[in-house]
There are 2 protein chains.
Amino acid sequence: MGTTQPEAVPEPKYWHLKTVIGEALDSDFAVGEILPNERELAARFGVARATLRQALEQLELEGRLQRRRGVGTTVAPPRMGVDVSTAQHAWPGTGEDVWQSLDSATDVPPAAVARQLDTEPDEPVHVVRRLRVSQGQPVAAELLYVPFGSVPGRSAADALTGPVRARAVLRELQQLALDGQDRSVELGSARADDAKELDRLPGAPVLVVTTRYLSEGRTAAVSVATYRADTCRLTFGDSGDLVMAS
Amino acid sequence: MGTTQPEAVPEPKYWHLKTVIGEALDSDFAVGEILPNERELAARFGVARATLRQALEQLELEGRLQRRRGVGTTVAPPRMGVDVSTAQHAWPGTGEDVWQSLDSATDVPPAAVARQLDTEPDEPVHVVRRLRVSQGQPVAAELLYVPFGSVPGRSAADALTGPVRARAVLRELQQLALDGQDRSVELGSARADDAKELDRLPGAPVLVVTTRYLSEGRTAAVSVATYRADTCRLTFGDSGDLVMAS
DNA sequence: AAGTGGTCTAGACCACTGA
DNA sequence: CAGTGGTCTAGACCACTTA
């Protein structure tokens, strides 16, 4: 006697909490509403704050909550769909201006990028920084790596600075014939500078979209775009008519 | 006097730790090698275990480490590229068998899926479970929701069970003309059952790939595939010849 | 200045793995 | 069984926002 549940699998407290709070979010809270603070929530559920925080972290990771230091925890709106489809196989900067050019410099790319560009590990390239804004919110920061070989009129850009220079590099890049591109998506954590741009803390989860632009059998440029994973759902409109989800 | 650094921005310890360990991983460790255990690492760096764990969590999120309870922490191999390209606009189950059918049942889909299928919130549909294995490792668990309206010969499947039934539903689905599909990728955390299938703990970060299959102006099926975010890099071969990365 | 979330500590115990 | 990572506690202090 006394053996109550022979198969009682002890579900972690934070996991159970996450479920409970998640359900409460659906039924008792409106988007934008602020939750009680962490100390009060922890007390209310009878757990340590660290445990409560583990549950909130999960919910934030899933895009259900938004936490801001000094402010509080609010109920997040549904993730916005952000189109990352290939879009008529265009060079960056050709379509509508969802991307905002920040500046450009010459720098040595990370080893992984140099490998894709097929440049020497210590060979400098153009690095164009761009920011993607959607619904008034920054959603992605991009670093576009362009080898000198891809932009013939290089000297023209060197004299410029800021957005003007960035646009000059893009314009030169667009002269090339674009054969195609391939793309990959993976999970990452925001580097310090990206985090700042995206209004998040360093280490925040991001979706890293790497695009390789191919021209005349070579890799003409590589784009590494980091999207806020908490607020974005990447959409690939492979076909037909897409509806605007609310 | 005494003011050493007027602008000293206090970088969090765990963030600094992450950098240090990350660099050590590159230089001093081989893939598969086991790290010292957490208590020893924490002592070595002079921090509490919780802080050390925060750094390890980040590295695991980035796919650099793999931690297994009861075993230890090992250096993870580079993420494997997993092709999720539309692949000749095919129905699920038509291409090569990267997917392994597990079983099928009829169940009420989640509200979000019902909305995409345009079925009533409480209307049951076929739910086919499949598992994607790559390089001997489970990389994704899929739930494929198929409304009864999409599979005419429904009664045939009802008598069957297990993989046989799953394949029967897929076969019937393939009778339809596929007009197109659209797809989205977002960050999620593994549900308990998916986690088991993927050999991870519940809540592990996953990339959720949602595909809507369109036929004759309707949504004929919806697939929700959860990929292990730690081990997978999703690739979209938009064009041309892809090289097999090691 | 008050209140919020973010970081950190030093412990404890549990669940799982493998010899 | 010993050793690992996973969970949890009860505190403390810090950085940031707002008023």
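It should be emphasised that the depicted structure is a prediction, and the values quoted were computed from it without experimental measurement. Below, chains carry the letters A, B, ... as their sequence lines are ordered, and counting in each starts from 1.
- Closest approach to the A:Val71 side chain among C:dG5, D:dG6, D:dT17 is made by D:dT17 (side chain taken as heavy atoms from C-beta onward).
- A search for salt bridge (charged side-chain N to carboxylate O under 4.0 Å, His left out) contacts involving B:Asp26 returns B:Arg64, not counting sequence neighbours.
- None of A:Arg130, A:Arg132, A:Arg129 except one satisfies the salt bridge (Lys or Arg N to Asp or Glu O under 4.0 Å) rule with A:Glu142; the exception is A:Arg130.
- Rounded to whole Å, the distance from CG on A:Asn37 to C1' on D:dT18 is 15 Å.
- In this structure, B:Phe236 and A:Phe236 have parallel ring planes: the angle between them is below the 30° cut-off, well short of the 60° mark.
- Between the P atom of C:dT7 and the NZ atom of B:Lys18 lies a distance of 13 Å, rounded to the nearest Å.
- Along DNA chain C, the nucleotide nearest to B:Arg39 and the one nearest to B:Ala48 differ in position, and the one closer to the 5' end is contacted by B:Ala48.
- Rounded to whole angstrom, the span from the CH2 atom of B:Trp15 across to the P atom of C:dT7 amounts to 10 Å.
- Computed from coordinates, the A:Lys13 NZ to C:dC13 P distance equals 14 Å when rounded to whole Å.
- Look at CD1 on A:Ile34: it is 9 Å from P on C:dT4, rounded to the nearest Å.
- Contact annotation: A:Arg67 does not reach the phosphate of C:dT4 (side-chain N/O to OP1 or OP2, under 4.0 Å).
- Put simply, CZ on B:Arg53 is 9 Å from P on D:dG5, counting in whole angstrom units.
- Across D:dG5, D:dC8, C:dG5, the shortest atom-to-atom separation from the side chain of B:Thr73 is found for D:dG5.
- For A:Pro12, the listed nucleotide lying nearest its side chain is D:dC8; candidates were D:dC8, D:dT9, D:dC16.
- Nucleic acid contact for A:Leu201: sugar-phosphate only, since backbone atoms but no base atoms lie under 4.0 Å from a heavy atom of the residue.
- At least one donor-acceptor pair closer than 3.5 Å links the side chain of B:Arg79 to the backbone N or O of B:Asp230.
- The distance between atom OH of B:Tyr14 and atom P of C:dC8, rounded to the nearest whole Å, is 7 Å.
- Residues A:Thr51 and B:Glu38 both approach DNA chain D. Their nearest nucleotides, taken by heavy-atom distance, put B:Glu38 toward the 5′ side.
- Side-chain atoms of B:Arg49 come within donor-acceptor range of the base of D:dG6, with a qualifying N/O pair under 3.5 Å.
- In this structure, A:Leu52 places its CG atom 13 Å from P of C:dT4, rounding to the nearest Å.
- The shortest heavy-atom contact between B:Leu187 and A:Ala229 is CD2-CB, 3.6 Å.
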